[in-house]
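Written below as structure tokens is the structure these notes are about.
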Amino acid sequence: MAAHFLFLALLALASSHAIASDPSQLQDFCIADLHSDVFVNGFVCKDPKMAKAEDFFFSGLDKAGDTGNKLGSNVTLVDVNKLAGLNTLGISLARLDFAPYGLNPPHTHPRATEILVVLEGTLYVGFVTSNPNQLFTKVLHEGDVFVFPQGLIHFQFNNGKTNAVAFAGLSSQNPGVITIANAVFGAKPPISDEVLAKAFQLDKKTVDWLQAQFWMDNTN
């Protein structure tokens with residue numbers, strides 16, 4: 001009986017791990033056919049005999065993103081939509097550029113853990129745990145690394161007077177991003193102002209004003 005329960009426990013752990021991550025590849029690679037009309041969880045594989053080096057190549061992360069916006073930041077994401085060879089490999093990356101006092105606003109990646117390394121400047125970063133909502137923060141300098149657990153709200157802020165640059169690795173070919181302010185106040189169609197007024201303890205006029213703002217997403 002004990003062995004039976006042990007087997008069930010191990011099966012449950014293995015199943016939960018499989019469900020919580022990108023599908024594992026069953027061959028060396030599965031280059032995404034981005035033009036296929038077949039809808040699957042991920043992308044259909046291109047015939048491996050048609051593979052070429054360009055399927056595994058992306059150029060341009062040496063160039064700074066445009067930070068001339070209200071947030072003063074820019075995220076250049078390289079996911080499976082830009083690099084077809086990432087399909088089924090469970091990984092992607094991004095370049096983050098910050099003007100002085102630029103912000104990558106509170107957001108989550110529903111399908112990925114993020115690990116970030118600062119190349120230039122300094123960043124004040126942090127994430128908030130699920131209930132109870134504990135905040136973990138750190139000021140990062142060149143060469144410092146910080147990890148943001150999957151699905152948790154996190155942010156990066158350039159608290160210096162010079163530009164900052166960081167690179168991030170994400171544990172999904174398509175990590176997704178939910179920018180909190182956009183999702184709450186910029187949803188289309190809008191969330192009821194009565195709901196938001198009660199949720200945030202605001203009056204409806206304030207909620208209506210917030211919903212009328214331009215809520216930008218700084219990802220490419």
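Hydrogens, waters and symmetry mates play no part in the numbers below; they use all other heavy atoms, side chains included.
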Spacing of Ile31 atom CD1 and Glu54 atom CD [to the nearest 0.5 Å]:
10.5 Å
Taking a hydrophobic cluster as the set of Ile, Leu, Val, Met, Phe, Trp and Tyr residues connected by side-chain heavy atoms closer than 4.5 Å, whether directly or through intermediates, do Val165 and Leu93 fall within one such cluster?
yes
Apply side chain to side chain contact (heavy atoms under 4.5 Å, CB included) to the pair Asp33 and His35, showing each step before the final yes or no.
CA-CA 5 Å; Asp33 182 352; His35 304 292; 3.9 Å; yes
Main-chain N/O of Ile153 paired to His107 side chain as donor or acceptor, under 3.5 Å
no
With rounding to the nearest 0.5 angstrom, report the OG1 to CG distance, Thr88 to Asn41.
11.5 Å
Ring-ring centroid check Phe136 Phe146, cutoff 6.0 Å:
no
Verify same cluster id: Phe56, Leu61 (apolar side-chain graph, 4.5 Å)
no
Which atom pair, heavy atoms only, marks the closest approach of Val78 to Ser92?
O-CB, 3.2 Å
Keeping the roles fixed (side chain from Arg111, backbone from Asn174), state whether a donor-acceptor pair exists under 3.5 Å.
yes
Any side-chain heavy-atom pair of Asp144 and Thr122 under 4.5 Å:
no
ILVMFWY cluster, Val139 and Leu135 together (side-chain gap under 4.5 Å)
yes
Start with the C-alpha gap between Leu119 and Glu142, add the side-chain angles, then the distance that decides, and say whether side chain to side chain contact (heavy atoms under 4.5 Å, CB included) holds.
CA-CA 5 Å; Leu119 299 186; Glu142 294 179 15; over 6 Å; no
On a heavy-atom basis, which atom in Cys30 and which in Phe43 lie closest, and how many Å separate them?
SG-O, 4.3 Å
Quick one: do Lys46 and Asp55 make a salt bridge, cutoff under 4.0 Å?
yes
Report, as yes or no, whether the 6.0 Å neighbourhood of atom CD on Glu194 holds more than 12 heavy atoms from other residues, nucleotides or ligands.
no
Polar side-chain atom of Lys82 near backbone of Leu77 as donor-acceptor pair, under 3.5 Å
yes
Of all the heavy-atom pairs spanning Ala168 and Leu96, show the shortest one and how long it is.
CB-CD1, 3.9 Å
How close do Ala183 and Ile191 get, counting heavy atoms only, and between which atoms?
O-CD1, 4.0 Å
Calculate, to the nearest 0.5 Å, the distance between atoms CG and OG1 belonging to Leu103 and Thr67 respectively.
12.5 Å
Could you verify whether a donor N or O on one side chain and an acceptor N or O on the other, from Gln150 and His109, lie under 3.5 Å apart?
no
Are Phe167 and Val145 connected into the same hydrophobic cluster when the rule is that any two of I, L, V, M, F, W, Y join if their side-chain heavy atoms are below 4.5 Å apart?
yes
I need the Met50 CE to Lys52 NZ distance, nearest 0.5 Å.
8.0 Å
Checking Asn158 side chain against Thr162 main chain: does a donor-acceptor pair fall under 3.5 Å?
yes
Main-chain N/O of Gln134 paired to Thr129 side chain as donor or acceptor, under 3.5 Å:
yes
In terms of the angle between their ring planes, are Tyr124 and Phe155 parallel, tilted or perpendicular, with boundaries placed at 30° and 60°?
tilted
So, the side chain of Thr179 versus the backbone of Ala181: is there a donor-acceptor pair under 3.5 Å, distance only?
no
For Ala112 against Leu170, the heavy-atom pair lying closest together
CB-CB, 4.1 Å
Any donor and acceptor pair, going by atom type alone, linking the side chain of Arg95 with main-chain N or O of Asp62 inside 3.5 Å?
yes
Any donor and acceptor pair, going by atom type alone, linking the side chain of Asn69 with main-chain N or O of Ser73 inside 3.5 Å?
yes
Dump the intermediate steps for side chain to side chain contact (heavy atoms under 4.5 Å, CB included) on Val184 and Ile180, then the final yes or no.
CA-CA 6 Å; Val184 172; Ile180 306 306; 4.3 Å; yes
Check for a donor-acceptor pair, side chain of Asp97 on one end and backbone N or O of Gly65 on the other, with a separation under 3.5 Å.
yes
Please report the C-alpha distance between Val118 and His141 in whole Å, then the side-chain angles of each, then the deciding distance to 0.1 Å, and finally whether the side chain to side chain contact (heavy atoms under 4.5 Å, CB included) criterion is met.
CA-CA 6 Å; Val118 176; His141 303 276; over 6 Å; no
Taken to the nearest 0.5 Å, the spacing of Leu89 CG from Asn87 CG works out to 7.5 Å
Quick check: does any side chain N or O of Gln201 sit under 3.5 Å from a backbone N or O of Ala197, one acting as donor and the other as acceptor?
no
Value for CZ (Phe98) from CG (Leu123), rounded to nearest 0.5 Å, stands at 5.0 Å
Could you walk me through whether His154 and Phe148 pass ring pair (Phe, Tyr, Trp, His ring centres under 6.0 Å), step by step?
CA-CA 7 Å; His154 60 282; Phe148 306 96; 4.7 Å; yes
Check for me, please, whether Ile91 and Val117 land in the same ILVMFWY cluster - side-chain distances under 4.5 Å, paths through other members count.
yes
How close do Asn74 and Asp66 get, counting heavy atoms only, and between which atoms?
ND2-O, 3.1 Å
